[in-house]
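I have placed the structure first, in the form of structure tokens, so that the comments after it can refer back to it.
Chain letters run A, B, ... following the sequence lines, proteins first and then strands; every chain starts at 1.
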Number of protein chains: 2
Amino acid sequence: MSTIKNIKQAPITIAERVFDSLCQAIVTGKIPAGSKISEPELAKYYEVSRASLRDAIGRLEACNLVIRRPNVGASVVSLSDEELLEIYTVREALEGMAARQAAEQMSEKELDELQSLLEMENQANANDINNDFHYGIVIGCKNNRLKRLLCDDLYHLMRMYRYQLGRDGGRTSSASKEHGLIIDALRDGDGEMAELLMRRHIRMSRKHIETLLINKAG
Amino acid sequence: MSTIKNIKQAPITIAERVFDSLCQAIVTGKIPAGSKISEPELAKYYEVSRASLRDAIGRLEACNLVIRRPNVGASVVSLSDEELLEIYTVREALEGMAARQAAEQMSEKELDELQSLLEMENQANANDINNDFHYGIVIGCKNNRLKRLLCDDLYHLMRMYRYQLGRDGGRTSSASKEHGLIIDALRDGDGEMAELLMRRHIRMSRKHIETLLINKAG
DNA sequence: AATAATTAAATTGTCGACAATATATGTTGA
DNA sequence: TCAACATATATTGTCGACAATTTAATTATT
């Protein structure tokens, strides 16, 4: 049984189920960024009441996938280039700290799992959260608040824009090397180094996305 | 006009108004930590429908003040000692980064405001967010995502437990000195130093709370 | 013809009622 | 007396309808 990956429990209520569906639809771009959310339309589509749908929309707002304005309604979030880069800065801070704590908290067994995760990277399941290197470290840091901030508030947004731009914007080889260095630091129990490397790693990704965005615009 | 403090807009809908009221009630302990939230009871108390109240509860969940279980209901959050300390670790990461960016982003005018904020610390309005040193830096860093994470997801919780334990658990004098050092770094435009000092500052607070909790238990 | 004001349509916010689930109470049997 | 089951009560989840607000369409005015 894997300790690094955690089970995403099945939806209980209708609102939860609709949330899951809408979440998926937004992340994959089926409901495009910036588009308006029509309550009557979606309620009819999912064959649920508007009350349940509104509940689901509230959850979408909580994980930052939609923006709600009173008496106007919800729209799918659409990040500017700057806003996308802001997320990387936040990730640098949070995941850096996660790496530091993971170096002190992760067991040998967990580290082995992380290693195997890394080795089967660039596979088919590359876009699945549960098989993600970064996610493994966040779980491994044992700080549940930190985990929730990243997974509940940022993860969905990250997936959404990763879907648009491609995984790491296609710098997988160098990224994998950096991942390897981070694991080494974790195995050494060197929290300071782990944080340093993780921050540099995310800063690199950020820089890469930045140039990618510039090229796309020019 | 102050640029550091930002205006908290008045509630538009009933749900927003009830959210504000409940938020206040929870933070101040009027509704105690760990207690169950009764929808019919509160709906009657605030003279609103259960739909509006449930909407408000959803918002409380989004800012981590209550925990909801399907078909069971919401309870006011009650943090263990470890969970409270976890928040300080997250703050160290986020506010550290905020300080780093603030050093590059804050104008002279904003720094002056921050300074005056610091000088009139330990006053009556010490528990008001808008007059808070840390808040000023978070605003000053100009990273809106970072600001939202701190203010929307952690700020209410912090206020709640500050209310219970007292402001910084009563280490105001040494904390003020540390604040002064941080401002110096900001004025120098030294982001690295600002982050370092902010992290150490929050780590100190954490340590202080930690011993405070131990004494309370023993 | 373009703009402003007015009216009409559509959408969101709110409500009370019912259904589904969970909790409390009472009962039976060992 | 205690435990397990059955019943009753209360709470949450869901629904459809109405009210309030916003947006679209239409008319009027310069």
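Atom CZ of Arg17(B) and atom C1' of dT14(C) are 12 Å apart (whole Å). With rounding to whole Å, Leu53(A) atom CG is found 15 Å from dG13(D) atom C1'. Between Arg50(A) atom CZ and dA19(D) atom P there is a gap of 15 Å when expressed in whole angstrom units. Whole-Å rounding puts the Arg69(B) CZ to dT21(C) P distance at 16 Å. In this structure, the CD atom of Glu61(A) is 14 Å from the P atom of dT12(C), given to the nearest Å. Taking atom NZ of Lys44(B) as the reference point, atom P of dG16(C) lies 12 Å away to the nearest angstrom. Arg54(B) has its CZ atom 14 Å from the P atom of dC15(C), to the nearest Å. In this entry the distance linking CZ of Arg68(B) with P of dA22(C) reads 15 Å, nearest Å.
A salt bridge does not link Arg148(A) to Glu86(B): none of the charged nitrogens lies less than 4.0 Å from a carboxylate oxygen.
Of the two residues near DNA chain D, Pro70(A) and Val48(A), the one whose nearest nucleotide lies more 5' is Val48(A). Comparing Glu16(A) and Asn71(A) against DNA chain D, the residue whose closest nucleotide sits nearer the 5' end is Glu16(A).
Regarding contacts with the backbone of dA10(D), every side-chain N or O of Lys36(B) stays at 4.0 angstrom or more from both OP1 and OP2. For Ser52(A), no side-chain nitrogen or oxygen approaches OP1 or OP2 of dG13(D) to under 4.0 Å. Checking the phosphate oxygens (OP1, OP2) of dT12(D), no side-chain nitrogen or oxygen of Thr13(A) falls inside 4.0 Å.
Which of dC15(C), dT12(C), dC15(D) sits closest to the side chain of Ser49(B) comes down to dC15(C). Side chain of Val72(B), nearest nucleotide from dT22(D), dA22(C), dT12(D): dA22(C). The listed nucleotides are dT14(C), dC15(D), dG13(C); the one nearest the side chain of Glu39(A) is dG13(C).
The CZ atom of Phe19(A) lies 4.0 Å from the SG atom of Cys63(A); values are rounded to the nearest 0.5 Å. If you take CD1 on Ile137(A) and CG on Leu150(A), they are separated by 11.5 Å, rounding to the nearest 0.5 Å.
Residue contacts for Ile12(A): at a heavy-atom cut-off of 4.0 Å it reaches no nucleic acid atom on any strand shown. Ile57(A) comes within 4.0 angstrom of nothing in the nucleic acid, heavy atoms only.
Environment of NZ in Lys207(A): sparse, with no more than 12 heavy atoms of neighbouring residues, nucleotides or ligands closer than 6.0 Å. Taking a 6.0 Å sphere around NZ of Lys44(B), one finds it holds 12 or fewer heavy atoms contributed by other residues, nucleotides or ligands.
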